[in-house]
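Atoms within a ligand are numbered from 1 in the order they appear, just like the ligands themselves. Since we're looking at a predicted model, the values are computed, not measured.
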Amino acid sequence: MTARILNGNTIRDQIYSELQQQIQELRGLGIRPGLATVLVGDNPASKIYVTSKIAACEQLGLGSWRFTPPATVTTEELLALVEDLNNRDDVDGILVQLPLPRQVDTKRVLEAVDPAKDVDGFHPANLGRLVSGRPGLVACTPVGVMEILRRSGATIEGANAVVLGRSDIVGKPTALLLMHANATVTICHSKTKDLPVVVRRADIIVAAMGRTAMVTPDWVKPGATVIDVGINKVTDAAQAERLFANFPQRLEQFRAKGSTLVGDVHPDVASVAGAITPVPGGVGPLTIAMLMSNSVKAARLRRGNRAAQPAGAEKA
Ligand code: NDP
């Protein structure tokens with residue numbers, strides 16, 4: 001069996017065209033949804049992430065602002081910036097790019113973001129809403145995982161889903177979303193016993209551990225749907241040779257560049273799974289798409305209703 005490849009770029013494009021319509025409707029009400037990004041210091045990976053998030057805003061016609069405090073910034077200074085952004089009516093989403101420098105109290109900063117503008121879905125108020133199944137802003141990668149599953153026609157209701165990883169930003173929210181969609185969910189972590197046996201029961205596997213190619217074909221039930229969230233950089237030639245023994249094109253790309261990205265799922269799993277997301281080009285594009293979607297959603301929830309009301313309705 002060769003798995004169907006679930007192409008994240010195609011799904012992202014579908015989502016973008018739907019979002020463009022919603023953005024036009026909002027613009028008709030005089031609203032231009034806008035995202036403010038806060039990028040502290042000069043972490044190269046963070047810079048790349050923020051640049052691609054701003055490029056997506058520009059592509060879709062969302063407003064965007066980039067704030068770049070120095071690496072020496074204090075918690076109080078960041079809290080003041082977040083407060084300013086909370087108070088600005090033109091800012092619908094606030095994204096504080098992680099990681100923050102050591103001297104900064106990350107929790108305090110994230111909790112200072114107005115939950116209505118928390119497009120990363122990290123605020124405890126939004127996490128609480130997710131737990132109880134109430135509407136709110138949900139973390140982008142987990143929503144992206146659900147979009148891939150839904151849009152590729154996977155049966156979620158009644159499925160056995162195994163989530164590998166229990167982080168607050170990926171594993172836990174993904175497990176909750178799957179549970180709300182009526183899957184029977186098992187959450188695995190570094191202390192889980194007999195991991196391959198547990199994973200082999202899954203109809204849906206979501207791998208989010210940050211462990212290069214750990215899920216091998218013998219862990220996977222034939223026909224299972226596999227969503228690979230992991231992003232791991234491989235620079236070792238011998239490791240690349242082993243991983244891509246059956247993928248000469250990937251090996252060529254590795255040789256040309258000297259590095260490549262590999263997920264938590266071994267490439268050979270494609271010979272057992274029914275459907276699988278590639279790395280790169282699977283979950284990654286969805287994470288940014290869902291950030292855009294959350295920004296539009298935040299604008300709609302916070303300003304859309306207000307603008308749709310007749311003049312003076314707010315006072316009445
Ligand atoms: P964390 O490091 O926060 O969490 C990793 C989780 O995996 C932990 O719960 C850990 O268990 C579990 N784990 C680690 N090793 C093992 C093991 N050997 N067996 C079983 N479980 C294990 O990572 P994140 O959740 O932030 O990210 C996970 C991966 O997803 C990373 O590769 C990251 O780069 C990627 N990612 C990709 C995104 C995308 O857009 N595609 C977005 C966000 C993340 P324990 O709790 O016991 O320590």
Side-chain angles (χ1 to χ4, degrees), residues 5-12 15 43-46 48-53 55-56 95-100 106-107 110 119-122 127 130 138-149 161-178 185-202 205-216 218-220 226-235 239 243 259-267 269 276-294:
I5 304 298
L6 306 177
N7 186 328
N9 292 313
T10 309
I11 299 173
R12 175 203 51 204
I15 291 172
N43 177 325
S46 295
I48 293 172
Y49 291 142
V50 168
T51 303
S52 46
K53 288 166 185 174
L95 181 139
V96 181
Q97 184 65 45
L98 301 180
L100 293 174
T106 301
K107 251 193 181 165
L110 294 182
V119 283
D120 256 340
F122 294 164
L127 289 173
L130 172 61
V138 182
C140 302
T141 303
V143 189
V145 168
M146 297 305 288
E147 287 290 338
I148 294 177
L149 287 170
V162 168
V163 179
L164 296 161
R166 57 174 165 183
S167 71
D168 288 347
I169 60 171
V170 187
K172 272 182 216 161
T174 303
L176 286 162
L177 290 171
L178 284 163
V185 184
T186 306
I187 306 175
C188 300
H189 45 77
S190 64
K191 306 291 184 290
T192 300
K193 286 187 182 145
D194 301 327
L195 201 51
V197 175
V198 177
V199 177
R200 218 173 293 133
R201 286 201 288 263
I205 300 167
V206 180
M209 297 174 289
R211 296 280 176 263
T212 308
M214 188 163 147
V215 179
T216 45
D218 55 313
W219 291 32
V220 177
V226 181
I227 309 292
D228 192 356
V229 181
I231 302 177
N232 311 288
K233 192 171 181 180
V234 169
T235 52
Q239 189 184 18
L243 287 171
S259 70
T260 191
L261 294 179
V262 177
D264 288 352
V265 176
H266 195 291
V269 167
I276 191 168
T277 57
V279 176
V283 175
L286 267 296
T287 296
I288 293 192
M290 298 332 294
L291 176 68
M292 299 299 111
S293 168
N294 271 352

Indicate every side-chain donor-acceptor pair of residues 188-201 with a distance under 3.5 Å to a residue at least two apart or in another chain.
from	atom 1	to	atom 2	distance (Å)
His189	ND1	Lys191	N	3.2
Thr192	OG1	His189	N	2.8
Thr192	OG1	His189	O	3.1
Arg200	NE	Asp218	O	2.7
Arg200	NH2	Asp218	O	3.3

Any heavy atom of [X] sitting closer than 4.0 Å to ligand 1?
X      : value
Cys188 : no
Leu195 : yes
Gly284 : yes
Thr141 : yes

Any side-chain heavy atom of [X] within less than 4.5 Å of one from [Y]?
X      : Y      : value
Leu286 : Val145 : no
Ile169 : Asp120 : no
Lys233 : Thr212 : no
Ile15  : Met290 : yes

Closest non-hydrogen protein atom to [atom], residue and atom name please, with distance?
atom                    : result
atom 9 (O) of ligand 1  : Arg166 N, 2.8 Å
atom 43 (C) of ligand 1 : Val170 CG2, 3.8 Å
atom 12 (C) of ligand 1 : Gly165 CA, 4.0 Å
atom 31 (C) of ligand 1 : Gly210 CA, 3.7 Å
atom 20 (C) of ligand 1 : His189 O, 3.1 Å

With respect to [X], determine whether any N or O atom, backbone or side chain, lies less than 3.5 Å from an N or O atom of ligand 1.
X      : value
Lys191 : no
Met214 : no
Arg211 : yes

Check each atom of ligand 1 against the heavy atoms of [X] and keep those under 4.0 Å away; list them by number with element.
X      : answer
Ile169 : 26 (O)
Ala208 : 5 (C), 6 (C), 7 (O), 28 (C)
Thr287 : 39 (C), 40 (O)

From the options [options], select the one whose nearest heavy atom is closest to [atom].
atom                    : options                : value
atom 34 (O) of ligand 1 : Thr174, Leu291, Ile231 : Ile231
atom 1 (P) of ligand 1  : Cys140, Gly144, Ser167 : Ser167
atom 10 (C) of ligand 1 : Pro173, Ala207, Ser190 : Ser190
atom 7 (O) of ligand 1  : Met290, Met209, Lys172 : Met209

(Q) Residue-level breakdown please: for Leu286 versus ligand 1, do any non-hydrogen atoms fall below 4.0 Å on the side chain, on the backbone, on both, or on neither? (A)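 Neither part.
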Q: Between Val229 and ligand 1, find which residue part has any heavy-atom pair under 4.0 Å and reply side chain, backbone, both or neither.
A: both
Q: I would like to know whether Ile276 and Ile5 meet side chain to side chain contact (heavy atoms under 4.5 Å, CB included); could you show each step before the answer?
A: CA-CA 5 Å; Ile276 191 168; Ile5 304 298; 3.8 Å; yes
Q: Walk me through it: do Val96 and Leu110 pass the test side chain to side chain contact (heavy atoms under 4.5 Å, CB included)?
A: CA-CA 7 Å; Val96 181; Leu110 294 182; 4.2 Å; yes
Q | Over all atoms of both residues, closest heavy-atom pair of Gly263 and Asp228 | A | CA-OD2, 3.2 Å
Q: Determine the minimum heavy-atom distance between Gln97 and Tyr49, stating which atoms define it.
A: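 For Gln97 versus Tyr49, the nearest heavy atoms are NE2-CD1, 3.7 Å.
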Q | Worked verdict on Asp168 versus Phe122 for side chain to side chain contact (heavy atoms under 4.5 Å, CB included) | A | CA-CA 8 Å; Asp168 288 347; Phe122 294 164; over 6 Å; no
Q. What side-chain hydrogen bond (donor to acceptor under 3.5 Å, both in side chains) pairs are there with at least one residue in residues 140-149, not counting sequence neighbours?
A. Thr141-Thr287, Glu147-Arg151
(Q) For Met209 and Val215: C-alpha separation, side-chain torsions, deciding distance, then whether side chain to side chain contact (heavy atoms under 4.5 Å, CB included) applies. (A) CA-CA 10 Å; Met209 297 174 289; Val215 179; 4.2 Å; yes
Q.
With side-chain contact (heavy atoms from CB on, under 4.5 Å) as the test, pick out the partner of Thr277 among Val226, Leu149, Ile148.
A.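 By the side-chain contact (heavy atoms from CB on, under 4.5 Å) criterion, Thr277 pairs with just one of Val226, Leu149, Ile148: Ile148.
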